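Since the structure comes first, as structure tokens, the remarks are kept for the end.
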There are 2 protein chains.
Amino acid sequence: MSVIMPAGSLTSRERMIRTTALLVRERGIEATSFSDVIEASGAPRGSIYHHFPGGKSQLIAEATEWSGAAIATGLERALAGGDPVAAMHAFIDVWRGVLTETNFDAGCPVVAASVESAANPGAREAAAAAFIAWEEALAGALEESGAEPDRAGSLATLIVAAIEGAIVQCRALRSLDPLDRVERELATGIAAPTG
Amino acid sequence: MSVIMPAGSLTSRERMIRTTALLVRERGIEATSFSDVIEASGAPRGSIYHHFPGGKSQLIAEATEWSGAAIATGLERALAGGDPVAAMHAFIDVWRGVLTETNFDAGCPVVAASVESAANPGAREAAAAAFIAWEEALAGALEESGAEPDRAGSLATLIVAAIEGAIVQCRALRSLDPLDRVERELATGIAAPTG
DNA sequence: GTCTATACGAAGATAGAC
DNA sequence: GTCTATCTTCGTATAGAC
């Protein structure tokens, strides 16, 4: 890669990774082919194995890693406001946007990586790392705003699991209802933690 | 199909559907081929398009439908005891068994149907029907045991979403921790519903 | 870094015999 | 209801020129 990299531009390699992530969140891993990535990204066909000598496994793993990091960044930005409940609403709003803008065709690429991890161990590892990173960020924010350290971790896992599960349901039902319901229940549960 | 059907036996067609469901929960839809189903079920190759003239789309849709119904049956049986919280624990225990017995290779086939629904509209519809059926059963039981009708529905959605999301995380992490944490949080949340 | 050409296998699907 | 054979398409991956 050249040392000169104008701000805002993307290398062919980066475009391929982003495009792969976008395709995977709609079709899944196995249904996303090199041809699809080439066509959608405009990347040159001959450079696939130059940039990704490990072939599709490597491309998928890197796309999953990129997705996990991108989502983590968005989550951390929301959490920086200091209010975990408000951050959760903002985070859910982003997913609402993804679902409606794609007519419920897109979901979370990290979930796809887990569901189709049998032939993609690298993607599975990247998915695991993503879940851990998201939940650590959430748990830290929950603790800072007064949650018992013992419960912050499990509450963070509940939030991530419920949102991801709701997204899956939204895609199947082609409706935002599951996400709306989960948001409502999570908000009351976090605001009034008992037990 | 013959009229004579000894109890406990399965037709070739039924075996194919069950086997497909088991393969899909491990590999996903796209990574499950006819050859895999033939080999794993022992079904004769020449009968695929006899039983499923709609090809793979039909087989996948029927396998998703069967999975949804099987899980609904298990859930309703657990709920028949009259204690929704106990039923939830029992339900989660079943998933713990699936995860450990398959060394975290298997998840929920209905989730796979949603994630890979782009090329499988029939599977998507079957997944949607499954989610609705599970949540109606849960919501009914929650109402009967005293939950406000208004909240029973959203609580049922939260439970299903959280468990499904936890299963996805368990597969990625190869650990039961996410399911354990979600179970704990759900139990306290249902036992002490505020808001 | 990108190109073309191609090898090679596997997939879903169909036809026609038994 | 099941078999074999085959068609066609598409997938990943590689080789070697530019």
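On a predicted model such as this, the values are computed, not experimentally measured, just so you know. Below, chain A is the first sequence line, B the second, and so on; all start at residue 1.
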Measure from [atom1] on [X] to [atom2] on [N] and round the result to the nearest Å.
X: A:Ile48; N: D:dG11; atom1: CD1; atom2: C1'; value: 12 Å
X: B:His50; N: D:dG1; atom1: NE2; atom2: P; value: 4 Å
X: A:Gln58; N: D:dA13; atom1: CD; atom2: C1'; value: 14 Å
X: A:Ile38; N: C:dT2; atom1: CD1; atom2: C1'; value: 11 Å
X: A:Arg13; N: C:dT2; atom1: CZ; atom2: P; value: 12 Å

Notebook entry, point to check: Quick one: are the ring centres of A:Tyr49 and A:Phe34 less than 6.0 Å apart?
Noted result: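 When the ring centroids of A:Tyr49 and A:Phe34 are compared, they turn out to be within the sub-6.0 Å range.
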Check: Under a 4.5 Å cut-off applied to non-hydrogen side-chain atoms, are B:Glu135 and A:Gln169 in contact?
Finding: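 Yes. Closest side-chain heavy atoms under 4.5 Å.
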Checklist line | Min side-chain heavy-atom separation B:Trp95-B:Cys108 under 4.5 Å | finding: yes
Do [X] and [Y] have a side chain donor and acceptor closer than 3.5 Å?
X: A:Arg181; Y: B:Ser154; value: no
X: A:Asn120; Y: A:Ser117; value: no
X: B:Thr11; Y: B:Glu14; value: yes

Notebook entry, point to check: Can you check whether A:Ala106's main-chain N or O pairs, donor with acceptor, with A:Arg25's side chain at less than 3.5 Å?
Noted result: no
Margin query: Determine whether a donor-acceptor pair (N or O, by modelled atom type, separation under 3.5 Å) exists between the side chain of B:Glu116 and the backbone of B:Ile29.
Written below: yes
Electrostatic pair [X]-[Y], nearest N-O below 4.0 angstrom:
X: B:Arg27; Y: A:Glu30; answer: no
X: B:Asp105; Y: B:Arg171; answer: no
X: A:Glu143; Y: A:Arg151; answer: no

Check nucleotides 9-13 of chain C against the protein and report each pair of N or O atoms closer than 3.5 Å, with its distance, or say if there are none.
residue: C:dA11; atom: OP1; partner: B:Ser33; partner atom: OG; Å: 3.4
residue: C:dG12; atom: OP1; partner: B:Lys56; partner atom: NZ; Å: 3.2
residue: C:dG12; atom: OP2; partner: B:Phe34; partner atom: N; Å: 3.1
residue: C:dA13; atom: OP2; partner: B:Tyr49; partner atom: OH; Å: 2.7
residue: C:dA13; atom: OP2; partner: B:Lys56; partner atom: N; Å: 3.0
residue: C:dA13; atom: O5'; partner: B:Tyr49; partner atom: OH; Å: 3.0

Check: From C:dT2, D:dG1, D:dC3, pick the nucleotide closest to the side chain of B:Pro44?
Finding: D:dC3
Margin query: Does anything in residues 18-25 of chain A come within less than 4.0 Å of DNA chain C? Heavy atoms only, and list the residues if so.
Written below: none
Sub-3.5 Å pairs of nitrogen or oxygen atoms, protein against nucleotides 16-18 of chain D:
none

